[in-house]
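These notes concern the structure reproduced below.
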Amino acid sequence: MLNKIRLFVIRFIESKNTTVALAFFTAIAAGLYPLLHYYNSNFSQVNSWSQFAFFIITFLLFPAIIFVIVYVVFKKVYFFKKFTKYILPVLNYSSFLVFVIIVLYGSQKILMVLAILLAVVLGIIFYKHLRKILVFQFLLGLLVLTKLTPEFYRHITYSKKWMEQPDKIEKVVLTKKPNIYVIQPDGYANFSELKKGHYNFDNNSFGHYLIQKDFTLYQDFRSNYRSTLSSNSSMFAMKHHYYNKQQLGGGELYKSRDVIAGDNPVVSIFKNNNYKTFLILEKPYLLVNRPKMFYDYCNFNYDELPYLDRGLNVSKNVVAEVKKVISVNKETSNFFFIEKMLPGHISNSDSNSRGKEQERLDYLKNLRACNDWLKKIITTITDNDDNCMIIIVADHGGFVGMNSTSDSFKKQEDKDVVRSIFTSTLAIKWNGEAPGFDDELKTNVNLFRVLFSYLSNDDVYLNNLQRDESFTIIQDASSLEVYELINNDGSVVFNKVSK
């Protein structure tokens, strides 16, 4: 078998024929490796069928049509005939380089122009070596495909079984029906942690503002996971996922966006109780892989999102959107999940880091800006809704104390650094008196289970609270492994997870 393949490749390289079929395969070779590389690097962001169709058309089919048409024109038109031997090499080299630039750096026009100029030169000089280049490009694609195969396997075998509830909470009947606004400021550390550890910041002024607005502040509250996607997946599922260890891929929970924006137990419960559900985002980061939307309304439509985008380049005014939506939904019970990309966290990589102290200062600057924004959104809600319950809950901490968030993939000896990863703020403006069991609010995973117990006047659902443990992924030797970093008692530990 291998010998037959070797002979086929040799015959292909030695052939001198140029045909329409060669033009077609020249186009496929140019786009195959960049396409597979992009999928291999960003699979969780591009795993919808609509995106698959877009990338196949953009990287393979459209170039193939163009290559064939141009080749035929050069073959048939007398003026172009003498340049025919150059046209396929130039098209291949330029397309390949432009696609590589796009998948690595985005639409960098200057780089693309330079790449095309370089490709023209290379096409003229090395036109005789086109077939060797094609073989090389196909081999590159094959190598990436072998790395991508496990991702395809995860996609096919993914199971939502981990989201199954241990009781009948999905049938809960809510006897209290305030309009509920869950506001998530990204990476907002808890008030208790901000005043100590690596944050060392006095946030009392904003804390007093919240108290005056009838908010209860929950000290030492923290997230169960290190990132927005992994934390929110657990929160909306009301279950631990442990990163689905048997399907652990690139350091993130698989299909997390589908859980958050799609059919999850929390949104399902609200809809079963005749709530209208609203997903209001500042940036469409949670939507980049176009999950099947389960909310009744979202302020982003998928036709607004570029296919080659990570969901951070488009922004909308959340405060104005919330005000508008409240005004036209006065007659219904409403649930809002509102995300603000402040204060965020320190830089993601060491190459972009400005150093621990400057990263801390930048974070605190963003936190002050977030405080101002939170005042605006709170005022907007309370001025326009007399039957509101407001929950401010962060997804994780700001990672202050590190050079970059990438350091969190390594074992940390400093306990304050570990707490900095997971510390998250929780402040609730209850619609009435806070329940006597609100001391169960310790981590994100149990937030909605406690909330539904309150809204249903039934504390039976507290019998199945998840353990208040916090997990992350650690680069262990040559593999990624899941570790428990904070246990149920709130102590910093380092325990490998075997689930």
Side-chain angles (χ1 to χ4, degrees), residues 40-45 147 150-151 186-190 193-194 196-200 222-234 240-254 256 310 343-364 366 394-424 443-445 468-499:
N40 186 56
S41 302
N42 306 280
F43 191 82
S44 66
Q45 299 178 32
K147 294 177 63 178
E151 292 287 0
D186 183 83
Y188 199 118
N190 193 279
E193 191 66 26
L194 280 172
K196 59 186 180 181
H198 293 283
Y199 292 91
N200 192 24
R222 56 185 160 84
S223 67
N224 305 95
Y225 299 90
R226 66 174 292 279
S227 72
T228 300
L229 298 177
S230 55
S231 177
N232 282 339
S233 298
S234 175
H240 277 300
H241 50 68
Y242 308 103
Y243 291 98
N244 280 355
K245 189 174 185 301
Q246 73 279 10
Q247 295 181 322
L248 190 59
E252 191 54 81
L253 175 70
Y254 189 64
S256 51
R310 300 181 188 278
H345 50 66
I346 64 174
S347 296
N348 284 319
S349 64
D350 287 341
S351 60
N352 293 324
S353 175
R354 303 175 66 188
K356 291 181 183 180
E357 183 54 29
Q358 188 58 51
E359 291 291 332
R360 169 184 171 272
L361 295 175
D362 291 344
Y363 173 84
L364 295 179
N366 289 334
D395 46 356
H396 51 73
F399 294 75
V400 169
M402 299 180 179
N403 286 314
S404 69
T405 63
S406 62
D407 290 342
S408 66
F409 287 104
K410 308 168 188 173
K411 181 180 180 180
Q412 298 296 325
E413 302 295 341
D414 186 339
K415 293 182 178 181
D416 285 334
V417 165
V418 174
R419 295 189 181 97
S420 179
I421 298 171
F422 299 104
T423 178
S424 56
T443 62
N444 291 56
V445 68
D468 294 304
E469 300 164 326
S470 298
F471 303 91
T472 193
I473 294 173
I474 298 291
Q475 185 75 38
D476 187 6
S478 60
S479 64
L480 296 172
E481 299 291 345
V482 180
Y483 280 82
E484 176 191 15
L485 295 192
I486 302 179
N487 65 18
N488 192 61
D489 299 323
S491 300
V492 174
V493 294
F494 191 74
N495 300 323
K496 190 172 180 178
V497 175
S498 58
K499 294 181 178 65

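Numbers here are sequence positions counted from 1.
Residue N352 comes nearest to S347 through the heavy atom pair O-OG, 3.4 Å, listed as atom of the first residue, atom of the second, then distance. Contact detail for Y199 and G398: the closest heavy-atom pair is OH-N, 2.9 Å. When all heavy atoms are compared, the tightest approach of S349 to S406 is CA-OG, 4.2 Å.
Residues satisfying the side chain to side chain contact (heavy atoms under 4.5 Å, CB included) criterion with N200, sequence neighbours excluded, are R360. By the side chain to side chain contact (heavy atoms under 4.5 Å, CB included) test, N488 is found to be paired with R467, D468, E469, residues two or more places apart in sequence or in another chain being considered. Under the side chain to side chain contact (heavy atoms under 4.5 Å, CB included) criterion, S408 pairs with R226, F399, M402, I421, sequence neighbours left out. E193 is linked by a side-chain hydrogen bond (donor to acceptor under 3.5 Å, both in side chains) to nothing, counting only residues two or more places apart in sequence or in another chain. Applying the side-chain hydrogen bond (donor to acceptor under 3.5 Å, both in side chains) rule to E413 yields no partners; only residues at least two apart in sequence or on another chain are considered. The salt bridge (Lys or Arg N to Asp or Glu O under 4.0 Å) check on D416 picks up R419, with sequence neighbours excluded.
In this structure, L485 CG and F422 CZ are separated by 4.5 Å, a value rounded to the nearest 0.5 Å. One distance of note links CG of N232 with CG of D395; it measures 5.5 Å at 0.5 Å rounding. Rounding to the nearest 0.5 Å places CG of N244 at 9.0 Å from OG of S233. With rounding to the nearest 0.5 angstrom, the OG atom of S41 is 7.5 Å from the NZ atom of K147.
A cation-pi contact links K411 to F494, judged by a cut-off of 6.0 Å to the six-membered ring centre and 45° from its axis.
For the pair N487 (side chain) and D489 (backbone), a donor-acceptor distance under 3.5 Å is present.
Ring geometry for Y225 versus Y243: interplanar angle over 60°, hence perpendicular rather than tilted (30 to 60°).
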I'd like to know whether N190 forms a side chain to side chain contact (heavy atoms under 4.5 Å, CB included) with R222, so could you lay out the CA-CA distance, the side-chain angles of the two residues, the decisive distance to 0.1 Å, and finally the verdict. CA-CA 7 Å; N190 193 279; R222 56 185 160 84; over 6 Å; no

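Taking the six-membered ring wherever Trp is involved, the centroid distance between the rings of Y242 and F471 falls below 6.0 Å.
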